[in-house]
Amino acid sequence: MHAQSVSNALPEETLDPENWSEALALSHQIVNDAVAYLRDVRDRPVWQEMPADVRSRFSAPLPRAPEPFGNIYQMITETVMRYPMGNIHPRFWSWYMGSSNFTGALGEFLAAIQGSNLGGGDHAAALMDQQVVNWCKEMIGFPASASGTLVSGGSMANLIGLTVARNEKSDIDVREFGLAAIEKPLRFYGSDQLHGCHRKAVEALGLGNCALRRVPSDAGLRIDICALRAAIAEDRARGFQPACVIASAGTVNTGAIDDLAALRALATEEGLWLHVDGCIGALLAIAPENAYRVVGIEKADSVALDPHKWLHAPFEAGCALVRDAAAHRNAFAVAPEYLETSDRGLASGPWLHEYGLQTSRGYRALKIWMSLKEHGIEKFGRLIDQNIAQARYLTDLIKAEPLLELVAPTNINIVCFRFRPADADRTALKSINSQIMMRLQEEGTAAISDTTVRGEHCLRAAINNHRTRRSDLELLVQETIRLGDAIVTENEASRIPAQKRLRP
Ligand SMILES: Cc1ncc(COP(=O)(O)O)c(C=O)c1O
């Protein structure tokens, strides 16, 4: 009876390839193409607009029937690979990103093949995850007793640090009773240059946007320490509970680094948590010529850093470090029966999910581990110095051009500048420079973004790119001027009445 029911059963299925030799041949093809793709990245446009027929392919219906993998790969080469964001290109300097690396990409592949879930357990990937966290601590001079966790990126790393800060600085058990039970509402402080992810964090933490006071920055765009001191005193007098200072070690607008030593002293004096958003600058600590800029970061209570920026790990990879390991674990640990630790076997390792919000966690460590092992941190440190030297070079090129103007001092690797023809007012300048930015992108020459510093709109090149060469920056300057001149000429032509333009 039993044997009969087995023989009548439907054939069992799997997602594994039906033909491993074919799968191997196609995989070789993919690796060949991937190597050529990266090798020749400089020869392609940084970015290009997708034609309508390519866009429409992403609204195809839910696939119900199987399709040969060869066809699927063909579609990927024609769409995704041809129309990337462009951040692996040597002339991508928009927003603030890393430019990935080949070994890290192989690490992503192997991590997926190996397939471990980094929620915890006793296995090699879990040990590597903890090793990479330990390396991050060592890179910024954090004590070995501190704890940390790999997360998706800087925003999540900041959220982890700020959660621990909130819990530690509340006079009640926030996890159990919630914010409503707090007698004095908490206040967090950062400069008016703070990254937007901190707003998301305080909102998600239930503190509300108003609980994050944006303290004015000084002439160097660093938090004004006197204004911060005054804000803390004012809040205490009004019945709030000052809880946490968020220092920026590299602001997203200009790369300004707050005075970490002064903030440490003030936070200690006032009994506040010091969290450092080091997504841009924490890793300056490994750059021989620029490490001095972040001295003091090792004294913070928590730090967020971003291996997918200056370690160029393929997205995503962030890291939160917390000096007090017990406080870190106390903020997140839960031990339901199905996640209990055992003395032996697979569940005998530490539960890594107890240091953050995720339960299942991807194997992020491998891509970071492999490229750190391959190159060593000295090379990564030199590459950081190289980007900063390149930003100085671009700054000098800009200063030498009468039609270009530097809009903020260059601190590290972010250059804020604009095209400035004679007689253009603020509105005209913004319009001309926005056009320049768009045309540079649309022509595929370079990707830069824009921002406003002290009320002045400007173009912004953030050089966090191990493929950039000085000649790329020379091209950026030439093209900015060429496009700026062309836009001014077009604007003038459009102002001349049509009849006049036709006259011989
Ligand atoms: C200063 C700063 N903090 C936080 C973040 C957010 O990091 P992520 O994009 O990795 O979440 C960024 C991103 O550029 C940043 O520049």
Side-chain angles (χ1 to χ4, degrees), residues 85 87 92-100 104 136 140 148-163 165 188-205 212 214-215 217 221-223 244-258 260 263 274-285 293-294 297 300 302-321 356-358 362 364 367-368 384 387-388 391 408 411-416 447-453 460-465:
M85 176 179 235
N87 50 297
F92 185 97
W93 307 299
S94 276
W95 303 297
Y96 201 97
M97 306 210 187
S99 43
S100 197
C136 289
I140 68 156
T149 183
L150 295 179
V151 289
S152 55
S155 305
M156 203 40 88
N158 281 312
L159 177 64
I160 299 286
L162 300 188
T163 307
F188 283 38
Y189 306 84
S191 84
D192 53 13
Q193 303 293 306
L194 210 54
H195 190 271
C197 71
H198 296 283
R199 172 174 180 170
K200 286 194 195 177
V202 290
E203 289 174 3
L205 288 173
L212 176 55
R214 276 67 163 190
V215 176
S217 46
L221 296 151
R222 300 156 20 125
I223 193 167
C244 173
V245 178
I246 307 169
S248 295
T251 60
V252 67
N253 260 349
T254 66
I257 298 170
D258 289 340
L260 301 179
L263 291 178
L274 176 65
H275 172 81
V276 177
D277 177 349
C279 290
I280 287 181
L283 288 165
L284 286 166
R293 297 175 187 273
V294 288
I297 197 168
S302 53
V303 176
L305 58 106
D306 237 357
H308 62 206
K309 293 192 167 70
W310 254 329
L311 293 185
H312 302 290
F315 291 117
E316 308 164 335
C319 180
L321 298 177
L357 290 163
Q358 292 177 254
R364 297 194 176 96
K367 59 191 172 190
I368 306 172
I384 293 172
N387 279 167
I388 294 173
N411 291 301
I412 44 174
N413 59 336
I414 300 177
V415 184
C416 294
I448 55 171
S449 45
D450 62 344
T451 190
T452 301
V453 181
R460 174 182 165 284
I463 311 171
N464 192 293
N465 193 320

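Atoms within each ligand, like the ligands themselves, are counted from 1 in listed order. Residue numbers count from 1 along this sequence.
- The side-chain heavy atoms of L357 and L159, taken from C-beta on, include a pair separated by under 4.5 Å.
- Considering backbone and side-chain atoms together, I280 places no N or O closer than 3.5 Å to any N or O of ligand 1.
- Residues D258 and V245 fail the side-chain proximity criterion, which asks for heavy atoms closer than 4.5 Å.
- Of all protein heavy atoms, the one closest to atom 3 (N) of ligand 1 is D277 OD2, 2.7 Å.
- Those atoms of ligand 1 that come under 4.0 Å of a heavy atom in V252, given as number and element, are 16 (O).
- The option from A157, C279, G98, G196 that lies nearest to atom 4 (C) of ligand 1, judged by heavy atoms, is C279.
- The closest approach between K309 and ligand 1 falls below 4.0 Å for a heavy atom of the residue.
- Under the 4.5 Å side-chain criterion, counting only non-hydrogen atoms from C-beta, N413 is in contact with W310.
- Remark: ligand 1 atoms within the under-4.0 Å shell around heavy atoms of C197 are 4 (C).
- With contacts defined as side-chain heavy-atom distances shorter than 4.5 Å, the pair V453/L221 qualifies.
- Among protein heavy atoms, the minimum distance from atom 8 (P) of ligand 1 is reached at G154 N, 3.4 Å.
- Near Y96, with a cut-off below 4.0 Å to any heavy atom, the atoms of ligand 1 are 14 (O).
- In this structure the side chain of R364 reaches within 4.5 angstrom of the side chain of S152, judged on heavy atoms.
- Proximity to D306 (heavy-atom distance under 4.0 Å) selects the following atoms of ligand 1: 7 (O), 8 (P), 10 (O).
- Contacts between T251 and ligand 1 below 4.0 angstrom, taking non-hydrogen atoms only, are absent altogether.
- Remark: the H198 side chain and the D277 side chain contain an N/O donor-acceptor pair separated by less than 3.5 Å.
- No more than 12 heavy atoms of other residues, nucleotides or ligands sit less than 6.0 Å from atom CE of M156.
- When each atom of ligand 1 is checked for a heavy atom of S155 under 4.0 Å away, the hits are 6 (C), 7 (O), 8 (P), 11 (O).
- Nearest-heavy-atom check against atom 10 (O) of ligand 1 across H308, H195, Q193 picks out H308.
- G250 counts as a contact of ligand 1, since one of its heavy atoms falls under 4.0 Å from the ligand.
- Those atoms of ligand 1 that come under 4.0 Å of a heavy atom in N158, given as number and element, are 4 (C).
- Counting only heavy atoms from C-beta outward, the side chains of V276 and I140 never approach each other to under 4.5 Å.
- By the 3.5 Å distance cut-off applied to N or O atoms, H198 is not counted among the residues near ligand 1.
- A heavy-atom distance below 4.5 Å is not found between the side chains of I223 and S248.
- Partners of S191 according to the side chain to side chain donor-acceptor pair (under 3.5 Å) rule, which considers only residues two or more places apart in sequence or in another chain, do not exist here.
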